Amino acid sequence: QVQLVESGGGLVQAGGSLKLSCAASGSFFVIDAMGWYRQAPGKQRELVATVASDGRTNYADSVEGRFTISRDNAKNTVWLQMNSLKPEDTAVYSCNARGRYLRVNWFQFDTWGQGTQVTVSS
């Protein structure tokens with residue numbers, strides 16, 4: 001199927017920046033949407049940002065204006081540029097990709113990366 005590999009997490013001071021990347025690999029697949037989600041300790045996973053294949057983006061209100069999601073369809077890669085980070089942004093950030101893969105017929109997939117820790121100190 002499709003595998004996602006994330007990188008770019010780490011520890012940063014409040015007000016700092018980090019950039020996450022997520023690359024998809026596999027054979028004969030088409031990605032319709034990619035996005036980033038996060039889960040803080042004791043909280044449910046929440047949407048951070050998504051980007052469709054046509055470039056349309058969607059952001060959580062809490063990150064609007066601070067985070068930017070971008071995508072390279074040819075490289076099947078999505079990035080999340082995070083600026084003006086706050087301690088409340090601390091969470092495990094996971095990449096998600098949804099699309100179709102071809103195995104004689106087309107099948108849908110909904111795949112998650114392993115997650116990367118982002119910690120923002122005050």
Side-chain angles (χ1 to χ4, degrees):
Q1 289 195 20
V2 178
Q3 295 81 40
L4 303 177
V5 177
E6 302 149 340
S7 61
L11 172 65
V12 65
Q13 288 189 333
S17 299
L18 282 174
K19 187 173 185 177
L20 307 181
S21 65
C22 172
S25 63
S27 300
F28 304 108
F29 66 95
V30 175
I31 298 178
D32 295 321
M34 299 186 79
W36 290 94
Y37 294 73
R38 67 186 182 186
Q39 186 168 20
K43 295 186 177 181
Q44 290 187 334
R45 184 165 60 194
E46 63 177 0
L47 178 147
V48 177
T50 61
V51 57
S53 57
D54 62 3
R56 288 175 298 159
T57 58
N58 179 49
Y59 294 93
D61 289 344
S62 59
V63 307
E64 183 83 52
R66 299 188 296 123
F67 292 9
T68 302
I69 190 169
S70 59
R71 173 177 173 175
D72 185 327
N73 291 334
K75 297 181 179 179
N76 292 313
T77 300
V78 65
W79 297 272
L80 184 69
Q81 177 67 47
M82 304 183 292
N83 298 327
S84 303
L85 282 161
K86 304 175 181 179
E88 51 263 43
D89 293 319
T90 295
V92 174
Y93 285 69
S94 298
C95 178
N96 173 262
R98 291 180 282 116
R100 296 153 282 145
Y101 66 95
L102 180 63
R103 296 293 184 271
V104 180
N105 296 313
W106 286 100
F107 297 89
Q108 293 184 333
F109 69 85
D110 186 340
T111 300
W112 293 88
Q114 78 280 8
T116 184
Q117 178 70 46
V118 171
T119 303
V120 184
S121 62
S122 58

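Because the structure is a prediction, the values reported are computed rather than measured.
Taking each heavy atom of Q1 and R103 in turn, the nearest pair found is N-NH2, 3.7 Å. Across all their heavy atoms, W106 and V30 have their closest contact at CH2-CG2, 4.1 Å. Scanning both residues, K19 and Q81, for their nearest heavy atoms gives CD-OE1, 3.4 Å. Scanning all heavy atoms of the two residues, the minimum distance from V92 to Q117 falls at CG2-OE1, 3.2 Å. Heavy atoms only, all atoms of each residue included: M34 and V78 are closest at CE-CG1, 3.6 Å. Shortest non-hydrogen contact noted between S53 and N73 is O-ND2, 3.1 Å.
Counting only heavy atoms from C-beta outward, the side chains of N76 and V2 never approach each other to under 4.5 Å. Counting heavy atoms from C-beta outward, D89 and M82 have side chains that stay 4.5 Å or more apart. Between W36 and C95 there is a side-chain heavy-atom pair separated by less than 4.5 Å.
Here the side chain of R66 pairs a donor or acceptor atom with the backbone of S84 at under 3.5 angstrom. In terms of modelled atom types and a separation under 3.5 Å, the side chain of T90 and the main chain of V120 share a donor-acceptor contact. Although no hydrogens or angles enter the test, the distance criterion places no donor-acceptor pair under 3.5 Å between the side chain of N96 and the main chain of D110. Side chain of E6 to main chain of G115: a donor-acceptor pair is present (N/O by atom type, distance under 3.5 Å, no hydrogens or angles). Between the R38 side chain and the A91 main chain, no donor and acceptor come within less than 3.5 Å of each other.
With hydrophobic clusters built from ILVMFWY side chains whose heavy atoms lie under 4.5 angstrom apart, L20 does not share a cluster with Y37.
Atom CG of L47 and atom OG of S62 lie 9.0 Å apart (nearest 0.5 Å). To the nearest 0.5 angstrom, I69 atom CD1 is 9.5 Å from C22 atom SG. We find the CH2-OG1 distance between W79 and T68 to be 13.5 Å, quoted to the nearest 0.5 Å. Annotation: the span from Q108 atom CD to D32 atom CG amounts to 8.0 Å, rounded to 0.5 Å. How far OH of Y59 is from CG of L80: 7.5 Å, rounded to the nearest 0.5 Å. Summarising the geometry, atom CG belonging to L18 is positioned 8.5 Å from atom CG belonging to L11; distances are rounded to the nearest 0.5 Å.
A donor atom on one side chain and an acceptor atom on the other are not found under 3.5 Å apart for N58 and R56. When only modelled atom types and interatomic distance are considered, S17 and N83 share a side-chain donor-acceptor pair under 3.5 Å.
Y93 and F67 have tilted rings, their planes meeting at an angle from 30° to 60° on a 0 to 90° scale. Ring geometry for F109 versus F29: interplanar angle over 60°, hence perpendicular rather than tilted (30 to 60°).
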